[in-house]
Every structure is written in C-alpha cells, then in structure tokens.
Amino acid sequence: MLRIKRVYEAAVPADGFRVLVDRLWPRGVTKARAAVDLWAKSVAPSTELRRWWGHDPATFPEFARRYRAELDGDDLTAIRAAMRDHDQVTLLYAAHDPAVNHAVVLRDYLTQADSDSPDSA
C-alpha cells in the first residue's frame, strides 16, 4: 500500500516505510522527528519546475503533466524496492496543501505504473 502524508505530522507505526520525497529538507523538522527511512530527493520535481509552479493551484494540472514527464526519466528504483519489500510505504512531503502537491502526482504515477506492469496481472 502506498500513501502520502505531511512530514510535519507525527510518525506512527502504521506509516510503515517512510520516504521523504522533497528535494530540500523540511524546515524545523529534526531527523529524529521525521523518522525517515529513505530520503529520495532525486524524485522530487526539478528546481526549475518547482519554481515555475510556485504551488499555484490554478497551474497544478500543467505542473502534474510536466512532473510526470520528469518522472519518466527518473530512477525510481529505491522507491519501487521499498514498495516491493514493505507492506506499507508512506511518501512524505512538506507542502501545505494535502491535495495540491507533488507527492499526490508521484503516488498516482507509481500506482498507475504498478497497475500497468505485467506482474500486476
């Protein structure tokens, strides 16, 4: 199972394997409090894309399209291994909006790719 959660929320055992998917470490969060098992900063949106978007909800569909194009070329091996090796994986993000952020796009991308693979049939 793959879900998303703000890194500022308390870690709980139900989170399972916790993966931080932000390029920058979240402000004000200690490593102990974050309880991150893997920091996959390379799968975060590029700096250029993040700056272009600016978390503007009006441009989220275009941001999602561009981010998915970036993900097509990214190495997602570490996250895919975590998904294979753990029953629960939680993607952690620092953005304020739980519905309009890159972790939503990444979760959907990974879930869609997983359901499209021949192993899922």
Side-chain angles (χ1 to χ4, degrees):
M1 180 181 257
L2 184 64
R3 67 181 188 175
I4 62 171
K5 181 177 181 177
R6 282 195 81 214
V7 70
Y8 296 102
E9 296 176 41
V12 295
D15 291 340
F17 192 81
R18 294 169 50 93
V19 181
L20 179 63
V21 295
D22 283 353
R23 191 167 301 277
L24 305 173
W25 190 263
R27 290 184 198 173
V29 177
T30 64
K31 288 183 180 182
R33 180 169 172 246
V36 169
D37 297 303
L38 172 66
W39 184 10
K41 57 184 157 184
S42 66
V43 303
S46 65
T47 300
E48 297 78 20
L49 180 56
R50 188 173 41 90
R51 286 182 181 155
W52 170 84
W53 178 39
H55 293 274
D56 178 2
T59 59
F60 185 67
E62 178 61 17
F63 164 78
R65 186 192 68 73
R66 292 181 186 191
Y67 181 38
R68 282 190 299 271
E70 286 187 354
L71 290 170
D72 285 341
D74 281 349
D75 181 6
L76 302 172
T77 305
I79 292 179
R80 291 193 192 287
M83 291 170 61
R84 183 182 61 247
D85 297 342
H86 301 277
D87 292 332
Q88 176 66 50
V89 175
T90 300
L91 304 177
L92 304 170
Y93 65 94
H96 294 286
D97 191 326
V100 179
N101 66 71
H102 73 284
V104 170
V105 178
L106 178 58
R107 179 202 57 208
D108 294 347
Y109 181 91
L110 291 166
T111 303
Q112 178 64 40
D114 191 44
S115 68
D116 289 344
S117 75
D119 295 337
S120 66

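Sequential numbering from 1 along the given sequence is applied to the chain's residues. FYI, side chains are in, hydrogens and waters are out, and symmetry mates aren't considered; it's all heavy atoms of this structure.
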* Structure fact -> Sequence neighbours excluded, the answer for salt bridge (Lys or Arg N to Asp or Glu O under 4.0 Å) partners of R18 is D15
* Work out which heavy atom in D74 is nearest to a heavy atom in S42; give both atom names and the distance. => OD2-O, 3.6 Å
* Drop me the distance from L76's CG to L106's CG, to the nearest 0.5 angstrom. => 7.0 Å
* Who pairs with A14 by side-chain contact (heavy atoms from CB on, under 4.5 Å), at least two apart in sequence or on another chain? -> R3, V12
* Contacts of type side chain to side chain donor-acceptor pair (under 3.5 Å), residue D87, not counting sequence neighbours -> none
* Asked: Is L24 close to R50 at the side-chain level, that is, under 4.5 Å between some pair of heavy atoms?
  -> yes
* Asked: Can you name the residues that form a ring-ring contact (aromatic ring centres under 6.0 Å, His included) with W25, not counting sequence neighbours?
  -> W39
* Note, V89 side chain near L110 side chain (heavy atom, < 4.5 Å) -> no
Under 3.5 Å, which donor-acceptor pairs do the side chains of residues 51-61 form with other protein atoms, sequence neighbours left out?
residue, atom, partner, partner atom, Å
W53, NE1, D56, O, 3.0
D56, OD1, A58, N, 3.0
T59, OG1, D56, O, 3.0

* Asked: By side chain to side chain donor-acceptor pair (under 3.5 Å), which residues pair with T30, not counting sequence neighbours?
  -> none
* To do: State, with a plain yes or no, whether a side-chain heavy atom of H102 is found less than 4.5 Å away from one of V43.
  => no
* With a 4.5 Å limit on heavy-atom distance, are the side chains of R33 and Y8 in contact? -> yes
* Mind jotting down which residue pairs meet the ring-ring contact (aromatic ring centres under 6.0 Å, His included) criterion with at least one end in residues 73-99? Sequence neighbours excluded, please. => F17-H86
* **Which residues share a side chain to side chain donor-acceptor pair (under 3.5 Å) with D75, sequence neighbours left out** => T77
* How long is the gap from OG1 on T90 to CZ on R6, to the nearest 0.5 Å? -> 15.0 Å
* Asked: Is L38 reachable from V7 through a run of I, L, V, M, F, W or Y residues, each pair having side-chain heavy atoms under 4.5 Å apart?
  -> no
* Taking all heavy atoms of V21 and all of A103, pick out the closest pair and write down the distance. => CG2-CB, 4.2 Å
* Asked: For E62, which residues count as a salt bridge (Lys or Arg N to Asp or Glu O under 4.0 Å) partner, sequence neighbours excluded?
  -> R65, R66
* **Any donor-acceptor pair under 3.5 Å from N101 side chain to A95 backbone** => no
* **Shared hydrophobic cluster for I4 and Y109 (ILVMFWY, side-chain gaps under 4.5 Å)** => yes
* With sequence neighbours excluded, tell me which residues meet side-chain contact (heavy atoms from CB on, under 4.5 Å) with E70. => P45, S46, L49, Y67
* **Hydrophobic cluster membership, M83 vs V105, 4.5 Å side-chain cutoff** => yes
* Would you say K5's side chain and A10's backbone share a donor-acceptor pair under 3.5 angstrom? -> yes
* To do: Report the residues that fulfil side-chain contact (heavy atoms from CB on, under 4.5 Å) with D108, sequence neighbours left out, ordered by chain and then residue number.
  => V104
